[in-house]
Amino acid sequence: MQTFHIQEEFLKNLTHTEAHSRFSFQEYPGTLYHNDYDFQELLPLLYSSKNLLVTSPFSYELQNLNAYCLILTTKGSGKLLYQNHEYELTANTFAFIDCLNPHKLICSHPTWEYTIFFVSRPVTDYYYSKLCDDSCVFKLTSYSNFLPLWEQLRKEDANDYTHALIRAKLLVQLYTELFLLRSLEASDSYHIPTYLSDMKKSFDTAYYEPFSLDELARKYQISKYRLCREFSQYFQETPLQYINQVRIEKAKELLLSTDDKIGVIGQRVGIDNTNHFIRLFKDKTGVTPLYFRKATPIL
């Protein structure tokens, strides 16, 4: 095993830069992660991550860096010049770049806010070859799970073996979401019915509310059997599985950020029966809420 020094390699392979004097490319790769783990040939490793808010003028050219670059724009816009194409990177646009190839990033708006990850080649090589034959840019949609996964990956910044594994798992999930997105783009199922998008949004934002299939069927005037079938078709889970997963993820956050009792946290995420909450939490995570709270380090 050998550590890949992303910061040194990034600076060595820059061919041109432009930025205000207050901006330092020495800090550009951002938070650096250990990458000399025994699974580095089997799983993708996150070398570094950084959230940036840059102002024009800003640009750099890079090539021959033995890594991939993942970029998600949140505000403003930038441009990517890559493989004889010019891409506009606007809000919720994701770019997947092989850094061995020459490419240039430019701030084309007064400001450009984005997150950038540098990722190892093993495993990622395969996904890139399958996903980026025609284009390396993806326009993300509100019903995709990509954005929540990206945000979770952005927060996983502890430098130890366990969190390196968590980051590897999240990267594989991100790549899988991109596979799904490409598949939907190529089929008639890309345009998700409005009622399904609305239902998913309700689950994501009002997860603490009681939901029943009968009430949802009445609200959208669709049979609950069709509702379950079509929701599963687009989101790969039944409505109940999806809302429970959202509730458990929110419960994890509350377990680590509050001192609330287990029963209170269950109620806050929409599960009033404490025993049911504990069983569901253990089914989804493999541990009880109390064990999760005691064993998980607060990042």
Side-chain angles (χ1 to χ4, degrees), residues 1-17 25-52 60-73 78 80-85 87 89 93-105 114-138 140 146 149-150 152-154 156-182:
M1 294 181 292
Q2 185 175 3
T3 300
F4 181 74
H5 299 286
I6 183 65
Q7 186 176 36
E8 296 174 14
E9 293 297 316
F10 175 83
L11 295 171
K12 183 175 72 174
N13 289 290
L14 283 174
T15 57
H16 181 268
T17 63
F25 280 98
Q26 296 282 341
E27 301 174 357
Y28 188 80
T31 301
L32 306 177
Y33 305 110
H34 299 317
N35 56 79
D36 56 349
Y37 297 113
D38 54 5
F39 56 82
Q40 63 185 23
E41 297 299 322
L42 303 174
L43 293 170
L45 289 174
L46 188 60
Y47 288 143
S48 69
S49 69
K50 189 170 182 65
N51 301 313
L52 291 117
Y60 72 82
E61 297 178 49
L62 180 69
Q63 62 181 343
N64 297 325
L65 178 64
N66 193 27
Y68 284 91
C69 173
L70 314 181
I71 298 176
L72 178 66
T73 297
L80 168 63
L81 307 183
Y82 183 62
Q83 295 185 323
N84 299 317
H85 292 282
Y87 299 101
L89 305 182
T93 298
F94 169 77
F96 197 162
I97 305 167
D98 182 349
C99 295
L100 287 176
N101 299 323
H103 61 278
K104 183 175 184 178
L105 290 173
Y114 64 96
T115 303
I116 186 166
F117 297 145
F118 286 96
V119 182
S120 67
R121 300 195 71 82
V123 182
T124 306
D125 280 328
Y126 170 80
Y127 287 101
Y128 180 86
S129 68
K130 294 296 184 181
L131 290 166
C132 299
D133 186 35
D134 296 322
S135 172
C136 70
V137 170
F138 300 74
L140 304 174
F146 185 95
L149 287 168
W150 181 276
Q152 189 176 351
L153 179 59
R154 190 181 65 82
E156 289 289 346
D157 59 358
N159 236 333
D160 58 39
Y161 188 92
T162 299
H163 286 84
L165 276 174
I166 292 173
R167 288 192 290 270
K169 183 188 82 166
L170 289 169
L171 283 168
V172 171
Q173 289 178 302
L174 284 173
Y175 298 153
T176 304
E177 282 296 317
L178 294 176
F179 261 122
L180 179 61
L181 183 58
R182 284 288 193 244

Closest non-hydrogen atom pair between [X] and [Y], with its separation:
X	Y	value
T93	L89	CG2-CD2, 3.9 Å
P102	Y82	O-CD1, 3.7 Å
F118	P29	CE1-CA, 4.4 Å
L43	S120	O-OG, 4.3 Å
D36	Q40	CA-OE1, 3.4 Å
P44	A168	O-CB, 3.3 Å

- Query: When you measure from the side chain of Q63 to the backbone N and O of N13, does any donor-acceptor pair fall under 3.5 Å?
  - Reply: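 Looks like no, no N/O pair under 3.5 Å.
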- Return yes when atom NZ of K50 has more than 12 non-hydrogen atoms of other residues, nucleotides or ligands closer than 6.0 Å, and no otherwise.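 Check passes, neighbour count above 12.
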- Message: Can you confirm whether more than 12 heavy atoms, excluding those of Y126, are under 6.0 Å from its OH atom?
- Response: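 It does not: Y126 OH has 12 such atoms or fewer within range.
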First locate atom [atom1] of [X], then atom [atom2] of [Y], and finally report the distance between them rounded to the nearest 0.5 Å.
X	Y	atom1	atom2	value
I166	L46	CD1	CG	12.5 Å
R154	L149	CZ	CG	13.5 Å
N64	L14	CG	CG	11.5 Å
Y161	H34	OH	NE2	14.0 Å
S135	Q83	OG	CD	10.0 Å
L178	F146	CG	CZ	5.0 Å

- Does the separation of the ring centres of Y127 and Y68 fall below 6.0 angstrom?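 No, the ring of Y127 stays outside the 6.0 Å limit from the ring of Y68, centre to centre.
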- Run the ring-centre check on Y87 versus F138 and record whether the distance is less than 6.0 Å.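 Distance test on ring centres: not under 6.0 Å, no.
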Do [X] and [Y] come within less than 4.5 Å of each other through their side chains, counting heavy atoms only?
X	Y	answer
L65	I6	yes
V123	L171	no
W150	L70	yes
R121	D98	yes

- Query: Side chains of N35 and T3: donor-acceptor distance under 3.5 Å anywhere?
  - Reply: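 Short answer, no.
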- Message: Less than 3.5 Å apart, any donor N or O on the side chain of T124 or Y175 sitting next to an acceptor on the other?
- Response: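 Yes, a side-chain donor-acceptor pair sits under 3.5 Å.
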- Take T31 and N159, measure what side-chain contact (heavy atoms from CB on, under 4.5 Å) needs, and give me the verdict at the end. CA-CA 10 Å; T31 301; N159 236 333; 5.9 Å; no
- Task: Decide side-chain contact (heavy atoms from CB on, under 4.5 Å) for I71 and L80; before the verdict, give the C-alpha distance in whole Å, the side-chain angles of both, and the deciding distance to 0.1 Å.
- Result: CA-CA 10 Å; I71 298 176; L80 168 63; over 6 Å; no
- Task: Walk me through it: do R167 and L153 pass the test side-chain contact (heavy atoms from CB on, under 4.5 Å)?
- Result: CA-CA 6 Å; R167 288 192 290 270; L153 179 59; 3.8 Å; yes
- Does the pair Y33 and D157 meet the rule for a side-chain contact (heavy atoms from CB on, under 4.5 Å), with working shown? CA-CA 8 Å; Y33 305 110; D157 59 358; 3.8 Å; yes
- Task: Measure up the F25 and Y28 rings against each other and bin them: parallel (under 30°), tilted (30 to 60°), perpendicular (over 60°).
- Result: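 Ring orientation, 0 to 90° scale: tilted.
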